[in-house]
**Student:** 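Take this structure first; my questions come after.
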Amino acid sequence: MGTADILIKFALIVIIFLISLLIAMYSTYAERKVAAFFQDRVGPNRAGPFGILQPLADGAKMFLKEEIIPTHANGFLFIVGPSLAIMTACIGSAVIPWGQKLTIGTHVIDLQVTDINVGVLYIFGVVSLGVYGVMIGGWASNNKYSLLGAIRAASQNISYEIAMGLSIISLLMTTGTLSLREIAEQQHGWHWNIIYQPLGFLIFIVCAFAETNRTPFDLPECETELVGGYHTEYSSMKLGFYLFAEYINMFVSSAVMATLYFGGYNFPFMHSLGLSENWVTILGVIVLFAKIFFFIFFFMWVRWTIPRFRYDQLMDLGWKTLIPLAIANIVLTGLWMTFIK
Amino acid sequence: MSIFYFIAFLSILFAVLVISAKNPVHSILYLVLTFFTFTIQYILLNAQFLAIVNFIVYMGAILVLFLYTLMLINLNKDSEPVKSNIIKIAAVLGGGSLLVVIVACLKQVGISQPVLLKDPGLGLVKNLGKVLFNEFLLPFEVSSLLLLSAMVGAVLLATKDPKTT
């Protein structure tokens with residue numbers, strides 16, 4: 001590995017990091033516009049044409065707000081909470097294959113930061129680590145509502161992680177690999193995993209909603225019961241980090257869903273268009289982002305359509321419906337693999 | 001090798017902080033860091049699967065549950081149990097004799113011969129799966145039965161009176 005390769009890798013990491021932040025920024029704008037559309041309003045339209053500068057204005061506001069650390073809060077852990085939340089949100093994108101290989105001169109650029117052979121499990125590990133940010137922040141605030149929010153987040157994440165893991169197992173049985181690059185390559189030419197694993201995908205997307213704390217599963221920050229949930233005591237950019245982490249998580253989980261079930265960067269007739277390899281790769285990246293944007297829109301669509309669950313209904317759905325369904329899916333996949341395929 | 005010693009030092013440092021921290025929640029967070037250093041050690045040994053499973057199961061699930069339980073328990077100074085002096089003296093005597101045994105053992109320690117694996121890629125998922133489901137199938141299945149019985153036991157303990165439920 002020469003210096004040029006290291007520089008290319010470094011540039012790739014920086015670009016992906018910046019894209020995640022940019023998409024998270026404009027997701028806040030999109031969320032408000034989508035909400036406005038669903039509620040027959042105009043939405044933000046003051047800052048710039050169509051309100052396009054709204055995220056910048058929001059960011060400036062966040063930075064200029066007063067920074068408050070409550071007197072009885074645990075000072076160090078109060079800062080660690082949001083930092084951990086945003087860190088775990090940002091490291092998830094490291095194993096996602098954004099496209100095929102680009103060839104520039106003699107350099108072959110792999111559009112993936114790292115292709116570890118336990119990629120799916122890495123994503124899963126990062127997801128399970130994400131709950132620490134919420135728990136530590138909620139506990140360190142020294143506030144009853146924050147603590148209740150943190151505890152809800154922990155129990156919800158652990159419950160839905162099990163169903164999510166089980167739904168991934170049946171996917172791994174059909175693909176036979178844990179590397180996200182290989183999973184994406186196998187789906188070339190309409191062999192999208194959604195066709196083989198429709199039930200698995202349904203379970204996965206429900207769990208993704210729960211893991212990112214999005215409505216209808218946003219009970220950790222349920223404002224009708226818990227004021228603001230785990231971030232009740234937070235203000236200024238520390239609150240901004242929590243909100244930002246949620247949008248980055250949404251982006252990463254959309255990317256994971258697009259890669260695992262919807263063919264990743266593959267698109268129909270990609271090798272019969274008569275374009276050169278580099279153009280096919282660039283088109284593939286654009287197609288992957290189109291799929292990701294669709295899923296981000298789906299997250300928002302559900303948020304403004306379905307009301308919030310009650311807490312016991314949430315637990316019932318997780319333990320009594322999704323886990324048995326996921327186990328049944330594993331058994332069915334096993335039977336299908338042995339007898340039909 | 002120097003990375004190994006640095007990480008091993010960190011493991012021991014965090015492990016000591018786990019038992020010396022005053023606040024139980026801080027102890028758990030140091031325990032999380034201790035397990036994280038174990039994950040790094042597994043990666044250094046090229047055991048990727050074990051590393052990531054350690055990461056998911058211990059850091060992501062078990063310690064979250066620890067933290068969850070600790071947050072619910074009332075851990076004020078006044079509710080802390082105060083032990084009597086006899087118990088303290090007994091604890092000092094017990095700990096002291098354990099120290100004597102450990103020192104006696106350390107006298108016989110020699111430098112171990114490092115085991116070189118024939119296949120350095122043994123820790124990768126594919127190879128590990130083949131070994132577990134061919135060579136060690138019986139112990140593997142028996143240990144899964146052990147986990148199942150532990151789970152059944154936990155459910156049995158959690159339901160206080162079987163008649164009312």
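Small disclaimer: the values here were computed from a predicted structure and weren't measured. Each chain gets a letter, A, B and so on, in the order the sequences are listed, and its residues count up from 1.
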**Student:** So do the side chains of A:Leu77 and B:His26 get within less than 4.5 Å of each other, counting heavy atoms only?
**Tutor:** yes
**Student:** Checking B:Leu29 against chain A: side chain, backbone, both or neither under 4.5 Å from a heavy atom?
**Tutor:** side chain
**Student:** With a 4.5 angstrom heavy-atom cut-off, is it the side chain or the backbone of B:Val57 that approaches chain A, or both, or neither?
**Tutor:** neither
**Student:** Is any side-chain heavy atom of B:Leu67 closer than 4.5 Å to one of A:Tyr132?
**Tutor:** yes
**Student:** What do you reckon, is CZ of B:Phe66 surrounded by more than 12 foreign heavy atoms closer than 6.0 Å?
**Tutor:** no
**Student:** Measure A:Val126 against the heavy atoms of chain B and call it side chain, backbone, both or neither at under 4.5 Å.
**Tutor:** backbone
**Student:** Who wins among A:Val127, A:Val80, A:Ile151 for the most heavy-atom pairs under 4.5 Å with chain B?
**Tutor:** A:Ile151
**Student:** How long is the span from the OH atom in B:Tyr68 to the CG atom in A:Asn157, to the nearest 0.5 Å?
**Tutor:** 12.0 Å
**Student:** So do the side chains of A:Leu121 and B:Phe55 get within less than 4.5 Å of each other, counting heavy atoms only?
**Tutor:** no
**Student:** Would you name the heavy atoms of B:Val64 and A:Ala154 that are closest together and state the gap between them?
**Tutor:** CG1-CB, 4.1 Å
**Student:** Between B:Gly60 and A:Ser128, which heavy-atom pair has the shortest distance, and what is it?
**Tutor:** CA-OG, 3.7 Å
**Student:** With a 6.0 Å cut-off (strictly less than), is the heavy-atom count around CG of A:Leu335, excluding the residue itself, greater than 12?
**Tutor:** yes
**Student:** Is the number of heavy atoms from other residues, nucleotides or ligands within 6.0 Å of OH (A:Tyr311) greater than 12?
**Tutor:** yes
**Student:** Determine whether more than 12 heavy atoms belonging to other residues, nucleotides or ligands lie under 6.0 Å from atom OH of A:Tyr145.
**Tutor:** no
**Student:** Examine whether an atom of A:Ser155 lies under 4.5 Å from a heavy atom of chain B, and if so say whether it belongs to the side chain, the backbone or both; otherwise answer neither.
**Tutor:** both
